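Notes follow once the structure below has been shown.
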Amino acid sequence: MDISQLKKEAGVKACQMVENGMTLGVGTGSTVAYFIEELGRRHKEEGLKARCVPTSIRSAQALKKCGMEVCDIDKVGRIDLTVDGADAVDPKLNGLKGLGGALLWEKIVAENSDHYVWIVDESKLVDALRGKVCLEVVKFGSGKLLKQLEECGLNPSFKEGENGPALTDSSNYLIELDLGEIKDPAFLANDLKQRTGVIEHGMFLGMVNEVIAATQNGIKIIK
Ligand code: 5RP
């Protein structure tokens, strides 16, 4: 099975958790796109209704296109269930997110959810977190911030869009750190959070309740 088929399996499996009338957080990315597609199918064929809180403009558009109700996060109470993707997940269920550029809204939605689930293909399951850590940063002084991060050996670079630096849905910039194994994720997360100009980072530590991983040997549910 190729990766996109595995992503689809994870998305379809997660959709089985959605109950009629739920307030549902909906993540961003290519795996979540399959989850949204399945929501649309259930809406059309079974009359499934859920109030969806999207984590990006992209996901909001996809949800609307398949007939799902889209709500502002501040117009709903607690979110019953949020389903999102991830870039890497370690055995303690700490993860890296944000390569799709939506980490800030994703973290806000996650923190306001009663049950938080990641859907991944098996390539995302890692023994230790390493690689790209994404930061959403304010534009003002972001060049200075990049220099500081460089001096700390964190290998930062601006994420590029089509016409210059990529912009998030909140019109901020994104900086990606290219790291080796992250020996102490909590220390790094704390360090990044405290830097002026960093709005949020893509380290999601101890947040997820459940991971639905699609593997060549079937679906694995890790709690
Ligand atoms: C976007 C994200 C995505 O969930 C993450 O990048 C995984 O994406 P994909 O399902 O396309 O591999 O965090 O900000």
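All residue numbers refer to positions in the sequence shown, counting from 1. Atoms within a ligand are numbered from 1 in the order they appear, just like the ligands themselves. Keep in mind it's a predicted model, so treat the numbers as computed, not measured.
The shortest N or O to N or O distance between Ala102 and ligand 1 is below 3.5 Å. Of the polar atoms of Val32, none of the N or O atoms is found under 3.5 Å from an N or O of ligand 1, judged by distance alone.
Of the candidates Thr28, Asp87, Thr168, it is Asp87 that places a heavy atom closest to atom 7 (C) of ligand 1. The nearest non-hydrogen atom to atom 9 (P) of ligand 1, considering only Ser30, Ser4, Gly85, Gly101, comes from Ser30. Among Glu136, Lys124, Glu106, the residue whose heavy atom lies closest to atom 1 (C) of ligand 1 is Glu106.
With a heavy-atom cut-off of 4.0 Å, Cys134 does not touch ligand 1 at all. Neither the backbone nor the side chain of Val120 comes within 4.0 Å of ligand 1, counting heavy atoms alone.
The single protein non-hydrogen atom nearest to atom 10 (O) of ligand 1 is Thr31 OG1, 2.6 Å, given as residue, atom name and distance.
Annotation for ligand 1: atoms under 4.0 Å from non-hydrogen atoms of Gly29 are 11 (O). Every atom of ligand 1 is numbered from 1 in the order shown, and the set under 4.0 Å from a heavy atom of Lys97 is 2 (C), 3 (C), 4 (O), 13 (O). Proximity to Gly100 (heavy-atom distance under 4.0 Å) selects the following atoms of ligand 1: 1 (C), 6 (O), 14 (O).
Between the CD atom in Glu160 and the CD atom in Glu176 there is a gap of 10.0 Å [rounded to 0.5 Å]. The distance from the CG atom of Leu145 to the CG atom of Leu149 is 4.5 Å, given to the nearest 0.5 Å.
Remark: Lys8 does not engage Glu38 in a salt bridge, criterion side-chain N to carboxylate O under 4.0 Å. With respect to Lys97 and Glu106, a salt bridge is recorded, a charged nitrogen being found less than 4.0 Å from a carboxylate O. Salt bridge status for Arg130 with Glu181: present, with a side-chain N to carboxylate O gap under 4.0 Å. Ionic pairing of Lys193 and Glu200 is present here: one or more N-O contacts between side-chain nitrogen and carboxylate oxygen are shorter than 4.0 angstrom.
Remark: the backbone N or O of Met203 is paired with a side-chain donor or acceptor of Lys107 at under 3.5 angstrom.
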